[in-house]
Amino acid sequence: MNSDPLRGFTPQIPQIFSQQWGQILGMLQPAAGAKAAASAAPLRFDPQKLLQLQQQYQCELTRLLSHSGEAAAEPLKDKRFAADSWRSQPGAALMAQVYLLNARTLQGMADALQADEKTCRRVRFAVEQWSAALAPSNSLAFNPEAQQKLLASQGASLAKGISNLLHDMRQGHLSMTDESRFEVGRNMATTEGAVVFENEFLQLIEYKPLTDEVFERPLLLVPPCINKYYILDLQPENSLIRHAIAQGQRTFVISWRNPDASLAEATWDDYIEKAVIKAIETVREIVGSEQINTLGFCVGGTMLATALSVLAARGESPAASATLLTTLLDFSDTGILDIFIDEPMVQFREWQMGRGGLLKGQELASTFSFLRPNELVWNYVVGNYLQGETPPPFDLLYWNSDATNLPGPFYAWYLRNLYLENKLVQPGALKVCGQALDLSQLDMPVYIYGSREDHIVPVDAAYASTQHVGGPRRFVMGASGHIAGVINPPAKKKRSHWIRDDDHYPERLGDWLAGAREYPGSWWDDWSEWLAQQGGSKVAAPQRYGRGAAFAEIEPAPGRYVRQKAAANG
């Protein structure tokens, strides 16, 4: 292998950098159609910032090229270049330094853009994708760590990498974990229970109590239908479902069917009426309780709030409480996902699948992975293919790869009415199942949780729900992101949470935080205490699942639906 892959190449770097930026600018021009693109104004930049960037770039590049030996000795904080082999080869070290300089400069140019906020965010996102893809670590020709492994293994690492690539091509997605180590029902989703009801949309699972007595009001969990439910029941030590059962909650969960062609025309109304509302009614009938406690996670929380609003419009109050975990009700701030949503994009999806069809699970999974390209894409490209490694077992990443489809009409309606037009928080603006919705009619106690570093549901957006529901509220902010912040069992004693004890909910999260107090560890215990206050009296735990012949045990948990693979559904 060439010990200095940049030999004879470095003089071309400034020109190549300029060409790359020109390509990026061309890629970022409006693409809503040839006519729109032809009439679109060119992107404009702050001239002072550009001048400063140019001077900084030329100065730093000159230093690197003139003192390549010293540059090679400089520590590289970026973990992609952390191996000793990057520093031991001067050419590789210099290449990494120049790449990082280019990436910083590109990001600086994106920050210098003079445009509306959405355009700026789109440019920054495109630059991030471009920079991540062009990292020299992604290429065997420029990655000394992969080269050393190739030589040391006498070619075995490359053979294994090709085998890994072919395997991932067959399975239809990039392996993020050793999937052979996990199986739903064997070491994932193992909390004991039974399916007691099913229809074309869902299976309803009831869990075996772990206490002699349970609260008289049961708990129904509504997970997001864009993922499998067992994020709430990964393994016993990090299962929110098992935690609830251990606290005396008689617990039920919706396990969504992975849609195939038979559900290609299913709508948002179908999922609300025939799934969420049906599950609420079924749990009430099984337990014989007028009211139940409810929980919705992510999109499941949006669907739960919609269903409860439909029932409120009908004069019904089946929920004694609602818990909303990292949930969007107010879509005015949708974080990084906002860059994908505009009128042309929504119109395209409506044309493509608004009357029927499926959004394939892998398309959705890939979109979420590229929100963090270095961690969730290129890291595995390098490890799996260039170095021939098998990624370590990790339950969360196994679940993350277990993709689900979505019915096209459901998805197109969701984009138009919620993400684009934000109608759910506009009283009377949205009709679902024939009812005009008004979230202020939700007068039950509501527990609202947001994660501080969430990039899917920004914590400010989660907090915004406090301004729209009509009943007593409790807002809790946890540390970490969309999943890790939620799945945070108390026993691990990780990640703080913040609570404000005076029941004051100003309009903005920053003002709420000014009066909040930080508590160490998980928010689960606070939620359990709050939920216990909504549970009513204690009664003897049931000795069997379901109720009578109408809701007899169909099969043991986790049931058939959760095992359905998106790839098998076309």
Side-chain angles (χ1 to χ4, degrees), residues 1-24 27 53 56-58 60-110 124-153 155 157-158 160-162 164-165 174 369-370 372-389 391:
M1 291 293 168
N2 184 357
S3 63
D4 190 353
L6 273 186
R7 186 175 299 161
F9 180 71
T10 49
Q12 303 177 41
I13 290 177
Q15 292 88 339
I16 291 175
F17 167 72
S18 300
Q19 292 168 4
Q20 291 175 358
W21 181 247
Q23 291 171 331
I24 290 176
M27 179 181 66
L53 276 171
Q56 290 175 345
Y57 178 77
Q58 291 177 341
E60 182 64 13
L61 183 61
T62 299
R63 184 187 71 83
L64 290 174
L65 297 181
S66 302
H67 305 85
S68 58
E70 297 176 12
E74 294 176 3
L76 292 170
K77 297 180 180 180
D78 193 302
K79 63 182 180 181
R80 291 172 292 179
F81 313 112
D84 291 339
S85 54
W86 284 96
R87 290 190 298 275
S88 64
Q89 296 188 20
L94 179 59
M95 176 176 287
Q97 293 279 17
V98 171
Y99 161 75
L100 291 172
L101 171 62
N102 286 349
R104 290 194 302 270
T105 305
L106 284 171
Q107 192 60 59
M109 293 180 75
R124 286 191 290 267
F125 179 78
V127 167
E128 180 186 14
Q129 299 301 317
W130 190 274
S131 298
L134 291 179
S137 53
N138 298 339
S139 170
L140 181 60
F142 299 124
N143 187 324
E145 187 178 6
Q147 292 170 6
Q148 286 186 359
K149 192 161 189 177
L150 173 64
L151 294 174
S153 67
S157 64
L158 180 58
K160 178 60 175 174
I162 294 172
N164 289 344
L165 175 61
L174 177 67
S369 291
F370 274 99
R372 296 166 57 194
N374 286 324
E375 293 85 355
L376 296 179
V377 180
W378 298 109
N379 172 53
Y380 297 103
V381 169
V382 173
N384 296 2
Y385 309 149
L386 301 190
Q387 300 186 32
E389 299 172 345

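Just so it is clear, the model here is predicted, and its values are computed rather than measured. Position 1 is the first residue of the sequence; numbering continues from there.
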Do R80 and Y99 have side-chain heavy atoms sitting under 4.5 Å apart? yes
Using side-chain heavy atoms (C-beta onward) and a distance below 4.5 Å, is N102 in contact with Y57? yes
Which atom names give the shortest non-hydrogen contact between [X] and [Y], and what distance separates them?
X	Y	answer
V377	L174	O-CD2, 3.4 Å
W86	A96	CE3-CB, 4.1 Å
L140	A146	CD1-CB, 3.7 Å
S131	L106	OG-CD1, 3.9 Å
N164	G388	ND2-C, 3.9 Å
P136	M95	CB-SD, 3.4 Å

Using the salt bridge (charged side-chain N to carboxylate O under 4.0 Å, His left out) criterion, which residues pair with E389? Sequence neighbours excluded. K149
Value rounded to 0.5 Å, distance of [atom1] in [X] from [atom2] in [Y]:
X	Y	atom1	atom2	result
Q97	L61	CD	CG	11.5 Å
L165	K160	CG	NZ	12.0 Å
N143	Q148	CG	CD	9.5 Å
F81	E145	CZ	CD	11.0 Å
N374	K79	CG	NZ	8.0 Å
N384	N379	CG	CG	8.5 Å

For a side chain to side chain contact (heavy atoms under 4.5 Å, CB included) with L53, tell me which candidate from Q107, Q58, M109, R104 qualifies. M109
Please determine whether side chain to side chain contact (heavy atoms under 4.5 Å, CB included) holds for the pair W378 and V381, giving the CA-CA distance in whole Å, both sets of side-chain angles, and the decisive distance to 0.1 Å. CA-CA 5 Å; W378 298 109; V381 169; 4.0 Å; yes
Carefully, step by step, assess L150 and L386 under the rule side chain to side chain contact (heavy atoms under 4.5 Å, CB included). CA-CA 9 Å; L150 173 64; L386 301 190; over 6 Å; no
